[in-house]
Amino acid sequence: MREITAAPGFNLPARSEKQITSNVLKGSLGNLIEWFDWYVYASFAIYFSGAFFPAGNQTAQLLASAGVFAIGFFMRPLGSLVMGRLADRHGRRTALTVSVLIMATGSLIIALVPTYATIGLWSPLILILTRLLQGLSLGGEYGASATYLSEMASPHRRGFYASFQYVTLIAGQLLALLVQIVLQKLYTNAQLTAFGWRIPFAIGAVGALVILWLRLSMEESDQFTRRNQHQANAGTLRLLLRYPKQVVIVVMMTLGGTICFYTFTTYLQQFMINSVGLAKEKVALINFAALLVMILLQPLFGALSDRIGRRPLLIFFGLGATLGTVPLFTLLGHATTGKQAFGLMVVALIVVSGYTSINAIVKAELFPSEIRALGVGLPYGLTVALFGGTVNYVALWLRSLHHESLFFWYVSAAAFISLCAYLFLLKGHRSQFTTEA
C-alpha cells in the first residue's frame, strides 16, 4: 500500500512564538464564540422547545428541537464547500471573518424571534432558517480554522497548537453551560421557559461581534500567501478529486469521532435527565465539571502527539470507544448519585480526547496548502451532517420506541469504523508526522 506522505507547505513561519500565539489565540477565540452560539441551542432546548414546538410531552418537544439541531448540520457541507473554497482562494482570515459574522447574525435573530403562541408557524420556520444559516457558518469554520491553526503553528508543536481548536470548541460548550448554570440560579424554571432562554443567544451575538473585530487583525498564513493565490485551481472540487484516499480517511475518522463526541458531550445531558432521572441543575453541574476536565486534556494530548505521533492516540480512542460505550451507558443507566455519573462521563471524555485533541492536525497534514481547507472541511462537513447532527435525534427516536440500548451499539459500530482507518489507512505515518520540518 502506498503511504500518504505529509503534505508540503508546512514550513516554519517567519514569526516569533509570541506572534504565532497571538494569531492562534485570535483564531481560536473566534472558534469559541461560534461553538458557544451553536451549543447554546442544545443547552437551552429543554427550556425553549415548548415555545416553538407545542406538544403534549417533553420527549416530543425535545425530539422536535433535536430535529432542528440536525437540520442545522445539513447546511454544514455547503458551508464547508463555500468557506473552504473561499479560504483556499482568498485566504484563511477572510473565510474565518465571514463565518463569525454569519453566526452573530443568526444568534441575534433567535434572541428576538417571537414564539409560536405569538406568530404561529412562522416561529419554528424562522428558527429553522436561522439554524440553516448558522450551520453554513459552522460548516466553514472547521476546515478554515483547522487549516489556519495548523499552518500558523511551529513545526514541532503542531499537535499542541492544533489542539486549541477543540480547546475552544469545548470551551464554547462550557461557556454555554456556565451561562445556563448562572441563569438557573437567577431565574426559576418558569422564567427561563418564558424569556430567560433568549439571554444566552443575545450574549452570543454580542460576543461574535467582538471576535469579528479581533479576526480583522489576524495575519494571513505564509502557506496561503506563497502558494494559493498564484494557483488558478486552488480550492476546487476538481483538485480535491486528486486525493480520494485522503478524503476517505477524513470521512472514516470523522464518522466515529463526531458520533462519539456529540454522544458524550451533548446527548449525555438529556440521557442523565430523561433516563437516569437526575435533576436538570445537577446535570448541568456534572457536564460543566466533566467538560472542564476535557478542555484541560486537549493540549496535553496534543503535546503528547508531538512526541509519540498521532496514530497511538487515535487507536486509543478507537479501541476505547468501540469496547467501552455499551458498558459505560449500562453503568450510567444504573447510577444513583451525581458523583457516579460524573466519574463515568469523565472516563468517556478521556477516551474521546484521543480523537478530539489531534483530529484537525491529522486531517490538515493529509492535504497540500492549495486544497487544505476544502479537503479537510468538505468530507468532514458531509460526515458530520449525516451522523454527528443526527445523534440526538437517533437516540431520542430509539428511546421513543423503547429500544434506547440499540443506540449504544450504534455508537460502538461507528467507533469501530474509525478504528479501522487508524489501524490500516494511517499505518506507518508516525515518523512522517513527528519528523516533518
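Since the structure is predicted, the reported quantities are computational estimates derived from the model, not experimental observations.
Ser22 meets the side-chain contact (heavy atoms from CB on, under 4.5 Å) test with Lys26; sequence neighbours excluded. Scanning for side-chain contact (heavy atoms from CB on, under 4.5 Å) contacts around Leu285 gives Ile181, with sequence neighbours left out. In terms of the salt bridge (charged side-chain N to carboxylate O under 4.0 Å, His left out) criterion, Arg198 has no residue partners (sequence neighbours excluded).
Under the 6.0 Å cut-off for aromatic ring centres, Phe261 and Tyr166 qualify, their centroids lying closer than that. In summary, the aromatic rings of Phe195 and Tyr187 are positioned with their centroids under 6.0 Å apart. Between Trp197 and Phe44, a ring centre-to-centre spacing not shorter than 6.0 Å is recorded.
Remark: Glu365 does not engage Arg311 in a salt bridge, criterion side-chain N to carboxylate O under 4.0 Å. The residues Arg92 and Glu151 are annotated as salt-bridged, a charged nitrogen and a carboxylate oxygen being separated by less than 4.0 angstrom.
Residues Ser353 and Gln298 are in side-chain contact: their nearest non-hydrogen atoms beyond the backbone lie under 4.5 Å apart.
Here the straight-line distance linking atom CG of Leu149 with atom CG of Leu96 works out to 8.0 Å at 0.5 Å rounding.
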Determine whether Phe316 and Tyr355 satisfy the following criterion, side-chain contact (heavy atoms from CB on, under 4.5 Å), listing intermediate values before the conclusion. CA-CA 9 Å; Phe316 163 73; Tyr355 166 82; over 6 Å; no

Go through it in stages, so that I can follow the logic: the residues are Phe264 and Phe329, the test is ring-ring contact (aromatic ring centres under 6.0 Å, His included), and I'd like the CA-CA distance, side-chain angles, deciding distance and then a yes or no. CA-CA 10 Å; Phe264 293 116; Phe329 266 105; 5.6 Å; yes

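Lys280 forms a cation-pi arrangement with Tyr47, by the criterion of a distance under 6.0 Å to the ring centre and an angle within 45° of the ring axis.
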